[in-house]
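One structure below.
Just so it is clear, the values below take in all heavy atoms, side chains as well, and ignore hydrogens, waters and symmetry mates. Quick note: residue numbers are just sequence positions, from 1.
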Amino acid sequence: MGAQGEVVQTIDVIVVGAGPGGAATALAALREQPGASVLILDRSPLGRDKVCGDGLGADAVDELTGLGLTDLLRRDERVPALRLVTPSRNWQGMTPEPGYVVPRAEFDARLMAAALAAGAVFEHHTVRQVHWDRDGVLVDGKFRARVLVGADGANSTVRRALGAAQNRGRDMAVAIRGYAPAPAGFKELHIRWDPVPGNGLSYAWAFPTARGTVNVGYGTAAPERSKARMAARAAELLPGFAVESAQLRGHRLPLASCRPPPAHGRVLLVGDAASLVNPLTGEGIFYALASGALAGRAAVQAEPARTYSQELRRRLGAHHRQVRLLACLVDRPRIVSAAVAASARNERTFMRLVSAGLGAGRLSAIDLLRVAADTLVPRF
């Protein structure tokens, strides 16, 4: 029943949030159970922008393929090289599978178009209240769902309804992003770590788009996070990218070094709402797509919370355990430089480091030994 006693139709799956995690949830649910009723709610109209680096690694591309979206990305959006820069290392590697850079307003619109074409329904609505019982979830007294999926970002209303605390300290980063003219011939994913002991994750990036612009930004979990200081640091770390000309906007990044339970009863959390942002790189699109796909498939099962929690643990559990430990070292200049040096000497180490930072990969024991050896005796 609704707030005034009116009968509210029960929808199979309601997704709060129309970003990559929400669209992936809808697509996966409809692929798992064609004909299911799926409603996507978002406080912003379709086509809204989102502060993001816009980069997609090979693992994220694989997730799109798994959702049947083999034609979502364009050839001119490919970026074949990755440059890793630290205070004492500067190295470029070619990735066997290219990355892509797609502005989030475009990327999210393409994903939502695919979800709507698959049968999902979108409604522009700001979610304010969530109540649940054994039979389902009531949203604002207006919508009832058998399962509710919170894909509503770092300030998730659904997460607050579950009573999950927000990330704090080193587990919450802030990033600023803007677009500047691209330097001639620039075609690489450029990531520059800015390790300062005690600051946690700090990094700058420059990613070229197919529009002749470059996405430039800076993210940090440091105690001092003023926009002016962050903008100045981005300009210092990214010389030649005209950071001063970019209109910079900010966004919070709840890092996966501290995550709430991903499900409770008939409510599931995905993407930023579940603190799924990589604590080594700030990457979140892969996590959003992967967790959304798992949540969508679980949402149409008999025990959605248990199924989703188990599948998320199976897919990302070992990866999360390792990156959580490595995140404790990401502000140590010598260790970060040693990791880049080890990658420069060994292609497999490079690929596993890239996957650990942009996907679900892990460094092997041998990789970690190589980094440890170079930390003690620098050779590059």
Check whether any side-chain N or O of Glu224 sits under 3.5 Å from a backbone N or O of Ser226 as a donor-acceptor pair, and report yes or no. yes

Closest non-hydrogen contact found for Ala60 with Leu289 is O-CD1, 3.8 Å

Check: Phe186 ring centre within less than 6.0 Å of Phe241 ring centre: yes

Tell me, with the steps shown, if Glu123 and Lys142 meet salt bridge (charged side-chain N to carboxylate O under 4.0 Å, His left out). CA-CA 12 Å; Glu123 183 164 336; Lys142 181 179 180 181; 3.3 Å; yes

Are there more than 12 heavy atoms of other residues, nucleotides or ligands under 6.0 Å from atom CD of Glu347? no

Assert yes or no for the condition that the ring centre distance of Trp91 to Phe350 is strictly below 6.0 Å. yes

Same apolar cluster: Leu358 and Leu363, side chain cutoff 4.5 Å: yes

How far does OG of Ser275 sit from CG of Leu269, to the nearest 0.5 angstrom? 9.0 Å

What do you reckon, is CZ of Arg249 surrounded by more than 12 foreign heavy atoms closer than 6.0 Å? yes

Going hydrophobic residue to hydrophobic residue with side-chain gaps under 4.5 angstrom, can you get from Ile335 over to Val323? no

Test side chain to side chain donor-acceptor pair (under 3.5 Å) on Arg233 and Tyr218 and set out the steps. CA-CA 8 Å; Arg233 192 61 180 148; Tyr218 182 80; 4.6 Å; no

Test of understanding: clusters of I, L, V, M, F, W, Y form through side-chain heavy atoms closer than 4.5 Å, transitively. Do Leu255 and Trp205 belong to the same one? yes

Once rounded to the nearest 0.5 Å, what's the spacing between atom CD1 of Ile285 and atom CG of Asn278? 12.5 Å

Are there more than 12 heavy atoms of other residues, nucleotides or ligands under 6.0 Å from atom CZ of Arg48? yes

Might you work through the side chain to side chain contact (heavy atoms under 4.5 Å, CB included) test for Asp140 and Val127, ending with a clear yes or no? CA-CA 7 Å; Asp140 292 337; Val127 173; 4.2 Å; yes

Just one of Arg315, Arg314, Arg313 clears the salt bridge (Lys or Arg N to Asp or Glu O under 4.0 Å) bar with Glu311, so which one? Arg314

Is it true that Phe286 and Leu67 fall in one hydrophobic cluster, defined by side-chain heavy atoms closer than 4.5 Å? no

Is there a donor-acceptor pair under 3.5 Å between the side chain of Asp62 and the backbone N or O of Asp59? no

Can any side-chain N or O of Asp331 pair as donor or acceptor with the backbone N or O of Gly198 at less than 3.5 Å? yes

May I ask you to decide if Arg345's main-chain N or O and Thr349's side chain share a donor-acceptor pair within less than 3.5 Å? no

Output yes when a side-chain donor or acceptor of Thr220 lies under 3.5 Å from a complementary backbone atom of Ser202, and no otherwise. no

Is Arg160 atom CZ crowded by more than 12 heavy atoms from other residues, nucleotides or ligands, each under 6.0 Å away? yes

Which residue, Leu148, Leu162, Leu138, forms the side-chain contact (heavy atoms from CB on, under 4.5 Å) with Trp132? Leu162

Does Arg74 CZ have over 12 foreign heavy atoms under 6.0 Å away? yes

Donor-acceptor pair, side chain of Gln33 and main chain of Leu30, under 3.5 angstrom: no

Other residues, nucleotides and ligands only: do more than 12 of their heavy atoms fall within 6.0 Å of CD1 on Ile366? no

Between Ser291 and Gly271, is there a donor-acceptor pair closer than 3.5 Å when you use the side chain of the first and the backbone of the second? yes

So with a 6.0 Å cut-off around CD of Gln92, is the heavy-atom count from everything else above 12? yes

So which heavy atom on Ile40 is nearest to which on Gly22, and how close? CD1-O, 4.5 Å

Any chance you could measure Tyr287, atom OH, to His319, atom NE2, to the nearest 0.5 Å? 2.5 Å

Determine the sole option in Ile176, Val174, Asp272 for which the side-chain contact (heavy atoms from CB on, under 4.5 Å) test with His251 is passed. Asp272

Run the numbers on Asn215 and Asp54 for side chain to side chain donor-acceptor pair (under 3.5 Å), then give the verdict. CA-CA 7 Å; Asn215 180 317; Asp54 299 341; 2.8 Å; yes

Shortest non-hydrogen contact from Ala293 to Ala24? N-CB, 4.0 Å

Determine yes or no for a side-chain-to-main-chain donor-acceptor pair under 3.5 angstrom, with Asp12 supplying the side chain and Ser37 the backbone. yes

Would you say the side-chain atoms of Ser355 pair up with the backbone N or O of Gly359, donor to acceptor, closer than 3.5 Å? no

Determine yes or no for a side-chain-to-main-chain donor-acceptor pair under 3.5 angstrom, with Arg324 supplying the side chain and Ser257 the backbone. yes

Looking at CD of Glu236 and CG of Asp194, how far apart are the two atoms once the value is rounded to the nearest 0.5 Å? 8.0 Å

Would you give the length of the straight line joining atom NE2 of His125 to atom CD1 of Ile14, rounded to the nearest 0.5 angstrom? 9.0 Å

Are there over 12 heavy-atom neighbours, none belonging to Arg146, within less than 6.0 Å of that residue's CZ? yes

Check Pro239 against Arg192 and note the closest heavy-atom contact, atom names and distance. CD-NH1, 4.5 Å

Rounded at 0.5 Å granularity, tell me how far CD in Gln310 sits from CZ in Arg306. 5.0 Å

Working for side chain to side chain donor-acceptor pair (under 3.5 Å), residues His190 and Glu188: CA-CA 6 Å; His190 182 104; Glu188 64 185 28; 3.2 Å; yes

Answer yes if Val270 and Val147 sit in the same cluster of Ile, Leu, Val, Met, Phe, Trp and Tyr residues linked by side chain heavy atoms under 4.5 Å apart, and no otherwise. yes

